[in-house]
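Keep in mind the model is a prediction, meaning the values are calculated, not measured. These numbers come from the heavy atoms of this one structure, side chains and all, not from hydrogens, waters or symmetry mates. Labels below follow one simple rule: chain letters A, B, ... track the order of the sequence lines, proteins then strands, and each chain is numbered from 1.
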2 protein chains.
Amino acid sequence: MAVTIRDVARESGVHVSTVSRAFSAAHMVNAVTRTRVMAAAERLGYRPNRAARALSTRRTANLGVIVADIANPFFPPLIKAAQAQARERDYHVFVADTDERARVEEELVRSMAKQVDGALLVASRLSGRVIAELGRDVPFVVVNRRVRGLPCVLMDVASGTRQAVDHLVALGHRDIAVLTGPSASWTAQRIRGAAEEAAARHGAGLHPVGPNPPTEEGGAFAAAEVVSGPATAVLAYNDLVALGLIREVEALGLSVPGDLSVVGVDNTHIARHCRPALTTVDMPVVAAGRGGIDLLVHRVTTGEDPGTVTLDTRLVVRESTAPPRSPLTRP
Amino acid sequence: MAVTIRDVARESGVHVSTVSRAFSAAHMVNAVTRTRVMAAAERLGYRPNRAARALSTRRTANLGVIVADIANPFFPPLIKAAQAQARERDYHVFVADTDERARVEEELVRSMAKQVDGALLVASRLSGRVIAELGRDVPFVVVNRRVRGLPCVLMDVASGTRQAVDHLVALGHRDIAVLTGPSASWTAQRIRGAAEEAAARHGAGLHPVGPNPPTEEGGAFAAAEVVSGPATAVLAYNDLVALGLIREVEALGLSVPGDLSVVGVDNTHIARHCRPALTTVDMPVVAAGRGGIDLLVHRVTTGEDPGTVTLDTRLVVRESTAPPRSPLTRP
DNA sequence: ATGAAAGCGCTAACAC
DNA sequence: GTGTTAGCGCTTTCAT
């Protein structure tokens, strides 16, 4: 049986309420009494039970961070940034992975609800309606998704996407495929929308392929359709998909960027390391993680809606994009 | 104010204890009463408060997973596997990142203590003494570290390390550098120990370099010392370090594996994607995550010590290792 | 400044 | 099968 406040009270010859005050409102207790209490606590190895404290204060000092897939390299830097910022504000962070499944996500939020003061919902796959409903149980901040009535941190992938299309068109591409991501992804919709708009502006053709899972397998799967179409360049939903596509395209005997230019999204560490290094849209994940926690803490401490923050994205050009092979030299 | 068991009791015209039973021991309550209770709960949008339940049952149905660095690609697959297995056993998982800092790790464990039934301590940087002490507050299972008196899941990196040294010697290398990782890392000690032993067996020279942080920066930092020494091959603490070393060695005008062979450890996805693709020791992280949760659940439900599980590792040969340049052709 | 007592939301004997 | 009654460990009035 763990040592409780009661044991400390007995050991130090004061009442439990005094011990409680010594720990949570030090200034309300005589300095020497406090010292005596603390000594007793130390001697006994007492640690406050946060769950019990939460039951009575209705404040856990925990925050939740819910992501679709920890193994997707997009998320870890965001999580780390969130965790660091939360520490700064004296909160602990619990991370949970929904495995890209809306059902799991909903259940996770529900089960987390009473154990955290608020949660960061990153790249949620839930419907806006469900999010709003869950939002009544837990204060949310939503990252990379716009939900009416909830504070949001948005990475404006549209601007980066436009830069990507401009870049491809400038290289001479006239037909661009876009690998659409999960249909429930807000980011996926924004990428596609911005790509369509930018392509139209240049009078270039845009060819949607998908939806496919946001993984290497998803990218590999799309390869056949891409190479059999007219596109000489591809905009992939994310770096993972881009990489899977590249590997499969190479397996089909074509080369990147020689035969096909590929642009990713996220600028994960993979983009720097893979061969060819990936031209990709950089997402400000560290700022998003930090900012998300800031909004969340603001929300849970003041009760106000801190509103929406939008962060810019930009294209990072590396080796996976080049001018299209001229028709004459095509096999 | 959230709706409680009390509201449901009033709404359905039964006593609170009946509502409680309806939720946690359905078979102990009349079917029709139960239906009525459930209907009332549904109508009111009642959700059991897990924290309150935990206070009274002393069981949270949460497990903790504590890792050094979520952004290190070694951890995410392990976390995912653990989370999946825990779900299977009706537990939720809270992940926390210690940022490679022992102080943070200790504090995290302490604060998690009362909110989880047990925790998986992965690649802990704490001293064995502290772990054992904390182990009195929370049931632990320790992954990749041997701690007296605690259940462990060990990935036997020594076997893979031996294979790596054998491989390098077979290629013709006579002098091998080993980039030692964090001195508090059990794995780091095992790698070094096994490498020394294997090198000695072959009569080859082994040259320790470090300790350096287990990151790309750590690897880059070690480059100068490596290239100025006699080694023609390097065994790095992990893939990240290997990659950082390779990049820096290339920046110094040398080539891998032409001028220097490099072996990593972990077989993270980076090893497959980087250029040159990395020869590395594969770690069975998925099995470790799963197995760790199995032991932990066993431990928390039965109270028994499930003992130690050891998993094998093996070398995966890719492109970053080759025979040493013969002295004649050296610049 | 400290003690007494009620209560946070739930479960678990023990009665009936 | 259901109601009664104590707690679980802590905070927070309200007295003193």
I'd like to check the side chain to side chain contact (heavy atoms under 4.5 Å, CB included) partners of [X]; sequence neighbours left out, ordered by chain and number.
{"X": "A:R50", "answer": "A:A61, A:N62, A:H92, B:S111, B:Q115"}
{"X": "B:E11", "answer": "B:A40, B:R43, B:L44"}
{"X": "B:E133", "answer": "B:R110, B:R129, B:R136"}

Can you tell whether the side chains of [X] and [Y] come within less than 4.0 Å, N to carboxylate O?
{"X": "A:D99", "Y": "B:K80", "value": "yes"}
{"X": "A:R125", "Y": "A:E100", "value": "yes"}
{"X": "B:R101", "Y": "B:E107", "value": "no"}

For [X] and [N], what is the distance between atoms [atom1] and [atom2] respectively, to the nearest whole Å?
{"X": "B:I5", "N": "C:dG9", "atom1": "CD1", "atom2": "C1'", "value": "7 Å"}
{"X": "A:M28", "N": "D:dT12", "atom1": "CE", "atom2": "P", "value": "10 Å"}
{"X": "A:H27", "N": "C:dA1", "atom1": "NE2", "atom2": "C1'", "value": "12 Å"}
{"X": "A:K114", "N": "C:dC8", "atom1": "NZ", "atom2": "P", "value": "15 Å"}
{"X": "A:L55", "N": "D:dT12", "atom1": "CG", "atom2": "C1'", "value": "13 Å"}
{"X": "B:R34", "N": "D:dG1", "atom1": "CZ", "atom2": "C1'", "value": "14 Å"}
{"X": "B:N30", "N": "D:dG3", "atom1": "CG", "atom2": "C1'", "value": "15 Å"}
{"X": "B:R6", "N": "D:dT5", "atom1": "CZ", "atom2": "C1'", "value": "12 Å"}

*Listed in order of residue number, which residues of residues 15-23 of chain B have a non-hydrogen atom at under 4.0 Å from DNA chain C?*
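Result for residues 15-23 of chain B: B:S17, B:S20, B:R21, sorted by number.
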
Which of these nucleotides, [options], is closest to any side-chain atom of [X]?
{"X": "B:A52", "options": "D:dC10, C:dG9, D:dG3", "value": "C:dG9"}
{"X": "B:S56", "options": "D:dT11, C:dC10, D:dT2", "value": "C:dC10"}
{"X": "B:V14", "options": "C:dA1, D:dG1, D:dG3", "value": "D:dG3"}

*Taking only heavy atoms on the protein side, list every residue of residues 36-51 of chain B lying under 4.0 Å from any atom of DNA chain D, sorted numerically.*
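Of all residues in residues 36-51 of chain B, none places a heavy atom under 4.0 Å from DNA chain D.
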
*With distance as the sole criterion, is a donor-acceptor pair present between the side chains of B:T310 and B:D156 under 3.5 Å?*
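No pair is found: no donor N or O on one side chain lies under 3.5 Å from an acceptor on the other.
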
*Check B:T98 against B:A68 and note the closest heavy-atom contact, atom names and distance.*
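It is OG1-CA, 3.3 Å.
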
*For A:R89, which residues count as a salt bridge (Lys or Arg N to Asp or Glu O under 4.0 Å) partner, sequence neighbours excluded?*
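Salt bridge (Lys or Arg N to Asp or Glu O under 4.0 Å) list for A:R89, sorted by chain: A:D294.
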
*Ignoring backbone atoms, test whether A:R53 places a side-chain nitrogen or oxygen under 4.0 Å from the OP1 or OP2 oxygen of D:dT11.*
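For A:R53, the contact criterion (side-chain N or O under 4.0 Å from OP1 or OP2 of D:dT11) is met.
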
